[in-house]
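Report on the structure given below.
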Amino acid sequence: MSTKDTPSVDSSEEDIPLSKIIKRRKSKGVDSDEDFTIRRRRSTPRKKANIKETKKPKAKTKNSVESDDDIPLSSLTKNKMNNKNESTNAKTKEDKGEQSENDNGGENNEYKWWEGDFDDSIKWTTLEHSGVLFPPEYEPHGVPLKYDGEMVKLNAEEEEIAGFYAHMLETDYVKNPIFNKNFFDGFRSVLTSENKKRILKLEKCDFTLMYEYFQKLRDEKKNMTKEEKEKIKQEKLKMEEKYMTASIDGRIEKVGNFRIEPPGLFRGRGKHPKAGCIKKRIRPEDVTINIGKTCKIPDPPAGHSWRDIIHNNQVTWLATWEDTVNMTPKYVFLAAGSSLKGQSDFKKFEKARELKDYVLDIRRKNTEELRDSDLLTRQRATALWLIDKLALRAGNEKGEDEADTVGCCSLRCEHIELAENNTVIFDFLGKDSIRYYNQVEVDKIIHKNLKEFKKGKKKDEPLFNLLTTASLNKYLTSLMPGLTAKVFRTFNASFTFQEELKNTPSDGTVAEKILAYNRANRQVAILCNHQRSIPKSHDTSMTKLKEKILMLKYEKYLLRLELLDLVEEKTFKNRPEITEMESDLDDDVIARKKIEKEELELKKIEQKKIKLEQTKSESQESKKVDVEKDSNSDEESSPKRKKKDLEEPRKKTKLSPERLEKKILTLKNRIENMKLALTDRDENKTTALSTSKTNYIDPRISFAWSKLHSVPIEKLFNKGLRDKFKWATSVDANWSF
DNA sequence: GCTTAGACTTGGAATAATATTT
DNA sequence: AAATATTATTCCAAGTCTAAGC
């Protein structure tokens, strides 16, 4: 493995946290030499001195109110302060019981914040919760590592880290050299000196014994009986119950992520320089709790204490800790359906709607500024054009220890190519290292400007060298209060969606309408470049669906033949829905389907037989006769059939013409629906609809559409989304974004 | 003024739950 | 009833943006 390309850590530094090393290098680098031609990326580190064991009790956040601070934690936690805090504690259980499973405002005692005003500078007045849930302590399993063909016994710490890697053996992560290097460095740093001497190369490590052991555990778990599984589930639920809700201003609301992230290997996306680094176990001593001043402080796990307790009601988080890989803060927030999240969601969409009233003026002005004499103005105008037209993200600067991805303001010359006919080709990695590739014909002036901005620059220099997200946003806010780059994305997404929905066939079936809805959704997802990897089973499920449709068509064809046997064809002169032959149902297909159908029927009969034998052994005889009569009704030999053979009389349904006609129509309907579903799915294979649905499209558009077209909202929003967007439920059918 | 800590939204993948097929 | 496919939920990484702090 590549020990060669590892300049960052030499052996002498082995025991110093990586973050420290990087920080040191960085400051050295900035002071002295280094490239830094034009302000390239921010020389980041989110550092923080990170004094590991001598944890200083950290300064209080601005609003944290003193009061309890001088009392030792231990006495606070033991000393039940129950009575002091307003009722909530006792009430909790009852409330939970009654509101548990009301999906959609069945209960009316719910807090409908959207029916009144709300102030959101102060997020809460009382806040009570149970803190966070820690993952279980590590339990060693004793499965050894094989190194260079020999067994190596690992101690618990070593084994845990090795296990992290073993778990990922089947993933693509282990194909990533950066990941491997970071992991191996981390692994070696926990090895005992004896093992460290021995374990020198990752390629010689064989984790398969552990992998197989984990696999075995998984299988065992899977093979447990239903009852055992249920019991475990119940126990888990009981453990977690108290963490799942919080009481905010006396109301019980759901908490989102109350679980502390378990230790593991950092799964950075794309070419993240830290991919594979060890994410250390978080302890109560790392966790700060934010809670109402008079509320009971949750008990930390036995023998432990919290890092800090604060009472900051200007923020919404309940707990925080620092991620050990990137030194970034992590938070526990309320769930998406909570009032706090709902309010800010509502605000977000209202802000985007506000832009509607400004956008024409802004665009007009911007168009002028594209030709401004000032270079900065021209850059800004061009960038804004991209943000507005192509829904690009703002593009903050990124650090050296992050994956190299860009957004609008951080685009570099290498990311765009200027082609003929005012065409620009965008090709860069955006958020999550998702590729943005787009070939667009742009206004002449845009093309001209981009050409100008590229001129004389190297490919790795910034395209908009005079622009930053901060300056752009500052300018935007001067045009409209609270306007920032991301508002454009929200605005354009919602607006596009509403426009696209106008293609809904108002006299279509529900399935057709849903297809139109999903198509509109998909247009937005494409605009926002929300991509996903093609599901593994896409091809198979596609052909399967096609076959299914063909089978239905074949059955319809059979019914039609039967009908035309009974009734003169001319009766249906003006009824193409009855007489029309399916275009893709040729002889071969018919032959194939015929056989399939027979096989299917045979199988059914077989099963029926088995069942009969099992259940009614005494009346077996008489039934069997029936079955046999059925099964030998048609015998087929060769799949090669000529039309003549196909049309020869077949097993009939013996239904009346009226019934046959009706059956044909239902079948036709089913076929249509399936075809729609198929198209929908195929068009969707690389597009992720969920992100735009959850974050960009104003839910009121969907609720209004649902009412206007009488499509049940359940077909559009799953339970989670309905809960998240309950504030939008009551819009009028004619509501407009 | 500039940098960056901090808080919050946005994002695709992984995993769990459920539905469907065998 | 087990295997598989599909959908919903959870996970946690990676953005945006504000304001604290110099």
Side-chain angles (χ1 to χ4, degrees), chain A residues 39 42-48 59 61-62 123 167-168 171-173 218 222-223 225-226 229 233 256-262 264 266-270 272 274-275 279 290 312 314-317 320 322-323 325-331 333-336 340-341 344-345 347-348 393-399 402-403 405-410 430-434 468-474 476-477 482-487 489-490 493 525 528-533 535-538 540-541 544-545 548 600 603 607 681 687-692 694-696 717-721 723:
Chain A
R39 298 165 328 138
R42 176 186 7 145
S43 68
T44 179
R46 303 205 83 124
K47 51 102 223 174
K48 186 166 264 183
T61 323
K62 55 185 174 189
K123 310 290 185 179
H167 269 295
M168 297 169 91
T171 71
D172 283 348
Y173 289 104
R218 248 184 55 176
K222 215 174 67 184
N223 290 331
T225 66
K226 233 186 196 141
K229 281 182 189 165
K233 203 174 142 191
N257 54 325
F258 52 83
R259 272 176 272 262
I260 291 285
E261 293 174 14
F266 176 64
R267 292 151 110 101
R269 321 237 169 100
H272 193 119
K274 290 191 172 180
K279 233 172 81 162
N290 188 28
N312 181 356
Q314 314 259 92
V315 296
T316 67
W317 54 264
T320 184
E322 193 173 70
D323 174 60
V325 173
N326 293 304
M327 306 302 158
T328 55
K330 294 278 175 105
Y331 302 93
F333 292 114
L334 291 179
L340 283 175
K341 292 288 187 192
S344 66
D345 236 23
K347 263 183 52 189
K348 172 182 75 185
R393 295 188 186 83
N396 284 313
E397 305 212 4
K398 294 192 70 186
E402 297 173 90
T405 64
V406 297
C408 185
C409 293
S410 51
K431 182 177 179 180
D432 292 310
S433 294
I434 299 286
T468 63
T469 52
S471 68
L472 175 64
N473 281 338
K474 199 176 161 202
L476 291 176
T477 304
L483 183 61
T484 61
K486 86 192 261 282
V487 180
R489 236 167 114 83
T490 314
C528 295
N529 199 230
H530 292 145
Q531 296 190 275
R532 61 165 183 174
S533 43
K536 288 184 287 297
S537 58
H538 179 77
T540 31
S541 66
K544 237 173 167 175
L545 259 179
K548 236 174 172 173
L600 213 69
K603 217 180 268 171
Q607 273 178 357
R681 175 187 288 247
T687 316
L689 300 188
S690 59
T691 301
S692 49
T694 17
N695 300 303
Y696 287 104
F717 289 163
N718 61 33
K719 198 165 139 240
L721 283 180
D723 189 38

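Minimum atom distance to the side chain of A:Val315 is reached by B:dA7, of the listed B:dG11, C:dC17, B:dA7. Side-chain atoms of A:Ser541 lie closest to C:dA5 of the nucleotides B:dG11, C:dA5, B:dC8. Across B:dG12, C:dA13, B:dT21, the shortest atom-to-atom separation from the side chain of A:Lys548 is found for B:dT21. Closest to the side chain of A:Lys330, out of C:dA14, B:dC8, C:dC12, is C:dC12. In this structure, of B:dA17, B:dC8, C:dA13, it is C:dA13 that holds the atom nearest to the side chain of A:Asp323. Closest contact between the side chain of A:Tyr696 and the listed nucleotides C:dC12, B:dT10, C:dT18 involves B:dT10. Nearest nucleotide to the A:Phe333 side chain, out of C:dA13, B:dT10, B:dT9: B:dT9. With B:dT10, C:dT16, B:dG6 as the candidates, the nucleotide lying closest to the side chain of A:Pro329 is B:dG6. Taking the side chain of A:Arg681 as heavy atoms from C-beta on, and the options B:dC8, B:dG11, C:dT6, the nearest nucleotide is C:dT6.
Residue A:Gly256 is out of contact with every strand shown, counting any heavy-atom pair closer than 4.0 Å. Here A:Thr469 lies out of heavy-atom contact (under 4.0 Å) with every strand. At a threshold of 4.0 angstrom between heavy atoms, the contacts of A:Gly268 are confined to the sugar-phosphate backbone, with no base atom among them. As judged by a 4.0 angstrom heavy-atom cut-off over every strand, A:Ala485 is placed among residues touching the sugar-phosphate backbone only. Residue contacts shown for A:Phe266 are limited to sugar-phosphate atoms, with no base heavy atom under 4.0 Å away. Backbone-only engagement by A:Thr405 is indicated by non-hydrogen atom pairs under 4.0 Å involving sugar-phosphate atoms exclusively. Residue contacts for A:Lys486: at a heavy-atom cut-off of 4.0 Å it reaches the sugar-phosphate backbone alone, with no base atom in range. Within the nucleic acid shown, A:Arg489 comes within 4.0 Å of sugar-phosphate atoms alone, with no base atom in reach, counting heavy atoms only.
Contact check, A:Lys348 against B:dT10: a side-chain N or O comes under 4.0 Å of OP1 or OP2. The side chain of A:Tyr331 places no N or O atom within less than 4.0 Å of a non-bridging phosphate oxygen (OP1 or OP2) of B:dT9. Side-chain N/O atoms of A:His272 include none lying less than 4.0 angstrom from OP1 or OP2 on C:dA13. Close to C:dT9, at under 4.0 Å from its OP1 or OP2, lies a side-chain N or O of A:Asn718. OP1 or OP2 of C:dA5 has not a single side-chain nitrogen or oxygen of A:Ser537 nearer than 4.0 Å. Using a 4.0 Å cut-off, no side-chain N or O of A:Thr328 falls inside it from OP1 or OP2 of B:dA5. An OP1 or OP2 oxygen of B:dT9 is reached within less than 4.0 angstrom by a side-chain nitrogen or oxygen of A:Lys341. The shortest distance between the side-chain N/O atoms of A:Ser344 and the OP1/OP2 oxygens of B:dT9 is below 4.0 Å. The phosphate of C:dT16 has OP1 or OP2 within less than 4.0 Å of a side-chain N or O from A:Asn396. Contact between the side-chain N/O atoms of A:Asn473 and the OP1/OP2 oxygens of C:dC17 is found at a separation under 4.0 Å. Proximity of A:Lys279 to the phosphate of C:dA13: a side-chain N or O atom is located under 4.0 Å from OP1 or OP2. Put simply, A:Ser533 has a side-chain N or O that comes within less than 4.0 Å of OP1 or OP2 on B:dA13. Taking 4.0 angstrom as the limit, A:Arg269 places none of its side-chain polar atoms (N or O) nearer than this to OP1 or OP2 of C:dC11. At the phosphate of B:dG11, OP1 or OP2 sits under 4.0 Å from a side-chain N or O atom of A:Arg393.
The distance between atom NZ of A:Lys474 and atom P of C:dT18, rounded to the nearest whole Å, is 12 Å. Rounded to whole Å, the distance from NZ on A:Lys123 to P on B:dG6 is 18 Å. Put simply, NE2 on A:His538 is 14 Å from P on C:dA5, counting in whole angstrom units. In this structure, A:Met327 atom CE and B:dT4 atom C1' are separated by 16 Å, rounded to whole Å.
Note that the CZ atom of A:Arg532 and the CD1 atom of A:Ile434 stand 12.0 Å from one another [nearest 0.5 Å].
For the side chain to side chain donor-acceptor pair (under 3.5 Å) test, no residue two or more places apart in sequence or in another chain qualifies with A:Lys431.
No donor-acceptor pair under 3.5 Å is formed between the side chain of A:Asn290 and the backbone N or O of A:Thr316.
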Checklist entry - So A:Ser471 and A:Thr468, side chain to side chain donor-acceptor pair (under 3.5 Å) or not? Walk me through it. => result CA-CA 5 Å; A:Ser471 68; A:Thr468 63; 3.2 Å; yes

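Sparse packing is recorded around NZ of A:Lys347, with 12 or fewer heavy atoms of other residues, nucleotides or ligands lying under 6.0 Å away.
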